[in-house]
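In what follows, a structure is listed as structure tokens, so that the remarks can point back to it.
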Amino acid sequence: FRSISNHFYKNVAAIFIIFDLTNAGSFNNVKYWLNEAKEKSDCTNIIIIGTKNDLVDLRIVSQFQINNFIKDNNLSYYETNGSTDYIKYI
């Protein structure tokens, strides 16, 4: 997938980077995708989305980790899940 992704960065209005709140590896990959997006696109509207926020007992990625990353990179962040219509802007 990474080898064909260059095409998807051209002429975009926004880039969404989505990760799983119950998987630390998923969150760790956000940095890779953020760097990739910044290298290959001139889009400045990059939004990070954490999924599975309904699985509170299984959550691995802390709000503290997310807030630091978002603040350090000047990004917008939302949390959501596939079970409800809930979307939370942080």
Side-chain angles (χ1 to χ4, degrees):
F1 177 77
R2 291 179 181 179
S3 64
I4 64 168
S5 65
N6 292 347
H7 175 73
F8 297 109
Y9 290 108
K10 297 183 189 306
N11 302 316
V12 297
I15 296 173
F16 297 94
I17 300 174
I18 301 168
F19 73 96
D20 179 348
L21 290 162
T22 68
N23 182 321
S26 177
F27 179 69
N28 293 336
N29 285 332
V30 170
K31 187 171 187 173
Y32 168 84
W33 289 110
L34 179 60
N35 290 333
E36 176 95 352
K38 287 181 176 180
E39 281 180 20
K40 298 185 177 176
S41 175
D42 57 357
C43 179
T44 58
N45 190 18
I46 300 173
I47 300 163
I48 309 300
I49 301 173
T51 63
K52 299 185 182 177
N53 69 345
D54 58 324
L55 302 178
V56 177
D57 294 338
L58 299 176
R59 185 177 180 135
I60 300 291
V61 183
S62 73
Q63 196 63 55
F64 179 78
Q65 291 173 283
I66 296 165
N67 288 344
N68 285 339
F69 184 82
I70 298 306
K71 189 176 182 181
D72 290 347
N73 292 284
N74 194 30
L75 299 167
S76 295
Y77 176 69
Y78 294 84
E79 286 188 2
T80 191
N81 64 72
S83 300
T84 68
D85 292 334
Y86 181 79
I87 298 174
K88 179 180 178 184
Y89 174 73
I90 299 177

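All residue numbers in this chain count up from 1 along the given sequence.
- Separating the CG atom in L34 from the OH atom in Y32 is a distance of 12.0 Å, to the nearest 0.5 Å.
- More than 12 non-hydrogen atoms from other residues, nucleotides or ligands lie less than 6.0 angstrom from CG of D72.
- Criterion: ILVMFWY side-chain heavy atoms under 4.5 Å apart, direct or through other members. Under it, L55 and I18 are not part of a common hydrophobic cluster.
- Here the closest heavy-atom approach between residue I47 and residue Y78 is recorded as CG2-CD1, 3.6 Å.
- The two atoms that bring N81 and S83 nearest to each other are OD1-N, 2.9 Å, heavy atoms only.
- Between the T51 side chain and the F19 main chain, a donor and an acceptor come within less than 3.5 Å of each other.
- For the residue pair T22 and D20, the shortest heavy atom distance occurs at OG1-OD1, 2.6 Å.
- In this structure, the side chains of E79 and L21 come closer than 4.5 Å at one or more pairs of heavy atoms.
- With a 4.5 Å cut-off on side-chain heavy atoms, K38 and I46 count as touching.
- Shortest non-hydrogen contact noted between A24 and I60 is CB-CG2, 3.8 Å.
- Taken from CD1 in I17 to CD in E36, the straight-line distance is 9.5 Å, to the nearest 0.5 Å.
- In this structure, CD1 in I66 is found 15.0 Å from NZ in K71, a value given to the nearest 0.5 Å.
- One finds the CG atom of L58 at 12.5 Å from the CG atom of N53 (value rounded to the nearest 0.5 Å).
- Smallest separation of non-hydrogen atoms from Q63 and Y77: NE2-CE2, 4.1 Å.
- For the atom pair CZ (R59) and CG (D54), the distance works out to 11.0 Å, reported to the nearest 0.5 Å.
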